[in-house]
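As a basis for the values below, the full set of heavy atoms in this structure was taken, side chains included, without hydrogen atoms, waters or symmetry mates. Since this is a predicted model, take the numbers as computed values, not measurements.
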Amino acid sequence: MDKGFRFDSTCARSPHDPVSTPPHQLPIYALSSFAYESVEEGMRVFSGEESGYIYGRFGNPTVDAVAQKLASLETYQLDIQAAGMLTSSGMAAIALPLLGLLRPGDRILTQSDLYGGTTELMRQILQPLGIQPIFSNLRDPDELERNLKADPSIKLIYIETPSNPVLRCVDLGMVAALARQYGCYTVVDNTFCSPALQRPLAWGIDFVVHSTTKFLNGHGNSIAGAIIGRDPELMNDRLVPALRLIGPCANAWDAWLLHNGLKTLALRIERHGTNALHLAHFLLAHPKIKHVNYPGLPTHPDYALASKQMYGSGGMISFELTGGIEAGKAFMNKLQLATIAATLGDVDTLVMHPATMSHRSIAPALRESQGITDGLVRMSVGIESIDDILADVANALE
Ligand SMILES: *Cc1c(COP(=O)(O)O)cnc(C)c1O
């Protein structure tokens, strides 16, 4: 490698030796750029005539391998050649399709029960750019069609199902069919389900977005997002430039941590689901619980729809205590096993108080109308022993 260079030059240079034996595990490519043998080779890669890497913001082998893996999970057993990309966060994954596909004057039709950050992104960033969100009830096909018919400037329908934190569901097949009829793109936030529980592309949806920070990573040790698109050409024309020019690319370390989590996704989601269903039944029968939101309970208003479009009910549950905000606070402070944290989808049980935490910036009247009452507690049920989870909750409710 020294090529006859001096000691200090040898220190500074990088080895470009190819790896002769393929690594069994995904390597972390910690680098910003790639090297070419000749100017001609560089020209062919830059022009796209030859496939290859250019610069870390444009693509990285670790990041791309994980993006492709997510695309294959979201299209499992579907005859779709989807493309995937990773972003620096879930919010970046939500923002890119909106910024890449829409222009001033276009409108977004969406629901009022969304992840708090998504509502704020639409209100604070997109609306001033001339891209207006319309908050409606996507569960009502008549209202949906009325809106689409009345307003041809609606170019995109943005869906979250089950929604945060009340777990209401939207019929993906119904929305996708109407969107197609009226020439709208569809985007679904699949964070709460992961492809282990719900694969929106199967129902005709155009784009799936994720906060991989949650169930996909599962261990709470990296922030990243993902976009999986049904049409690789559209992805390439509109979303790849948005990613490259705005720059919220994922880094190789976070992609690698995400990939470690993906290996156990199926096992984890199964356990999250059985634990959450157990807890849901326990809460439903408890005298101090007023109301339980869990799509796996026959008492849930979207039980039939969830059974149709999901392969299980997941690890997210929310419930209201009799005694409102004070009872909710006392309950959360008394928990020993569960941790109070503003995230979800980790292997350990987490609790959050939407009214004072995630949905704090939403007007109280609007919040209440979405079922986010002061006494509502959201729980991300972990994969611990169900006996410890039930004992913890029972004790905190005493
Ligand atoms: C956390 C979350 C987001 C935002 O993701 P970040 O990775 O925190 O940027 C978006 N949607 C849902 C449903 C989430 O839970």
Side-chain angles (χ1 to χ4, degrees), residues 25-34 51-76 80-101 115 117-118 121 187-196 199-201 205-265 343-346:
Q25 297 297 340
L26 180 67
I28 300 175
Y29 281 83
L31 46 76
S32 57
S33 66
F34 298 81
S51 71
Y53 284 99
I54 296 174
Y55 182 63
R57 177 159 41 82
F58 292 13
N60 170 292
T62 311
V63 171
D64 292 355
V66 182
Q68 271 319 304
K69 179 154 174 171
L70 280 176
S72 63
L73 294 177
E74 285 289 355
T75 55
Y76 177 69
I80 301 172
Q81 291 302 314
M85 70 173 46
L86 291 193
T87 56
S88 57
S89 68
M91 286 313 301
I94 293 165
L96 284 183
L98 305 179
L99 291 167
L101 297 168
Y115 178 73
T118 308
L121 169 74
V187 179
V188 171
D189 184 335
N190 205 25
T191 301
F192 272 28
C193 283
S194 90
R199 300 198 268 277
L201 300 182
I205 295 296
D206 297 316
F207 294 94
V208 170
V209 292
H210 277 286
S211 168
T212 67
T213 314
K214 316 292 170 56
F215 286 102
L216 290 176
N217 173 301
H219 300 76
N221 54 22
S222 77
I223 289 207
I227 308 168
I228 295 98
R230 149 187 308 279
D231 178 352
E233 210 171 310
L234 180 63
M235 240 359 217
N236 221 30
D237 288 350
R238 306 293 283 273
L239 268 57
V240 169
L243 179 71
R244 290 180 173 191
L245 297 173
I246 302 172
C249 47
N251 71 70
W253 305 86
D254 287 340
W256 186 87
L257 287 164
L258 161 60
H259 183 254
N260 256 8
L262 284 181
K263 294 180 184 190
T264 57
L265 179 70
T343 190
L344 58 101
D346 289 358

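Under a cut-off of 6.0 angstrom, the local environment of OH in Y55 is sparse, with at most 12 non-hydrogen atoms contributed by other residues, nucleotides or ligands.
Taking both residues in full, the closest heavy atoms of P232 and A82 are given as CG-C, 4.5 Å, listed atom of the first, atom of the second, then distance. Closest non-hydrogen pair, A242 versus P248, comes out as O-CD, 4.5 Å. Contact between I246 and L99 at its shortest, heavy atoms only, is CD1-CD1, 3.9 Å. The minimum heavy-atom distance between A71 and T75, with the atom names listed, is O-OG1, 2.7 Å. Contact record, I205 with F207: CG2-O, 3.4 Å, taken as the closest heavy-atom pair.
For the atom pair L234 CG and L101 CG, the distance stands at 5.5 Å (nearest 0.5 Å). Between H210 atom NE2 and I228 atom CD1 the span is 5.0 Å, to the nearest 0.5 Å. Separation of atoms CG (L257) and OG1 (T62) is listed at 11.0 Å; rounding is to 0.5 Å. With rounding to the nearest 0.5 Å, the separation of CG in L70 from CG in L86 is 6.0 Å. One finds the CE atom of M235 at 6.0 Å from the CD1 atom of I227 (value rounded to the nearest 0.5 Å). Atom CG of L258 and atom NZ of K69 lie 9.0 Å apart (nearest 0.5 Å).
Between the side chain of N190 and the backbone N or O of C193 there is no donor-acceptor pair closer than 3.5 Å. R230 places a side-chain N or O within donor-acceptor distance of the main-chain N or O of L201, the cut-off being under 3.5 Å. When atom types are taken as modelled, the side chain of R57 and the backbone of C249 share no donor-acceptor pair closer than 3.5 angstrom. Judged purely by atom type and a 3.5 angstrom limit, N60 uses its side chain to pair as donor or acceptor with the backbone of Y29. Side chain of T212 to main chain of A226: no donor-acceptor pair is present (N/O by atom type, distance under 3.5 Å, no hydrogens or angles). W253 contributes no side-chain N or O that, together with a main-chain N or O of I28, makes up a donor-acceptor pair within less than 3.5 Å.
Here salt bridge (Lys or Arg N to Asp or Glu O under 4.0 Å) pairs that include residues 206-227, with residues two or more places apart or in two chains, are R180-D206. Residue pairs meeting the side chain to side chain donor-acceptor pair (under 3.5 Å) criterion with at least one member in residues 85-95: none, sequence neighbours excluded. Judged as a side chain to side chain donor-acceptor pair (under 3.5 Å), not a single pair has a partner in residues 233-247 (not counting sequence neighbours).
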Start with the C-alpha distance between T191 and Y115, add both sets of side-chain angles, then the distance that settles side-chain contact (heavy atoms from CB on, under 4.5 Å), and finish with yes or no. CA-CA 10 Å; T191 301; Y115 178 73; over 6 Å; no

CA sep, side-chain torsions, deciding dist, call: V240, M85, side-chain contact (heavy atoms from CB on, under 4.5 Å): CA-CA 8 Å; V240 169; M85 70 173 46; 3.7 Å; yes

Run the side-chain contact (heavy atoms from CB on, under 4.5 Å) test on F215 and L344 for me, step by step, so that the C-alpha distance in whole Å, both residues' side-chain angles and the decisive distance to 0.1 Å come before the verdict. CA-CA 7 Å; F215 286 102; L344 58 101; 3.7 Å; yes

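With S222 as the partner, the side-chain hydrogen bond (donor to acceptor under 3.5 Å, both in side chains) test is satisfied by one option alone out of N260, N217, N251: N217.
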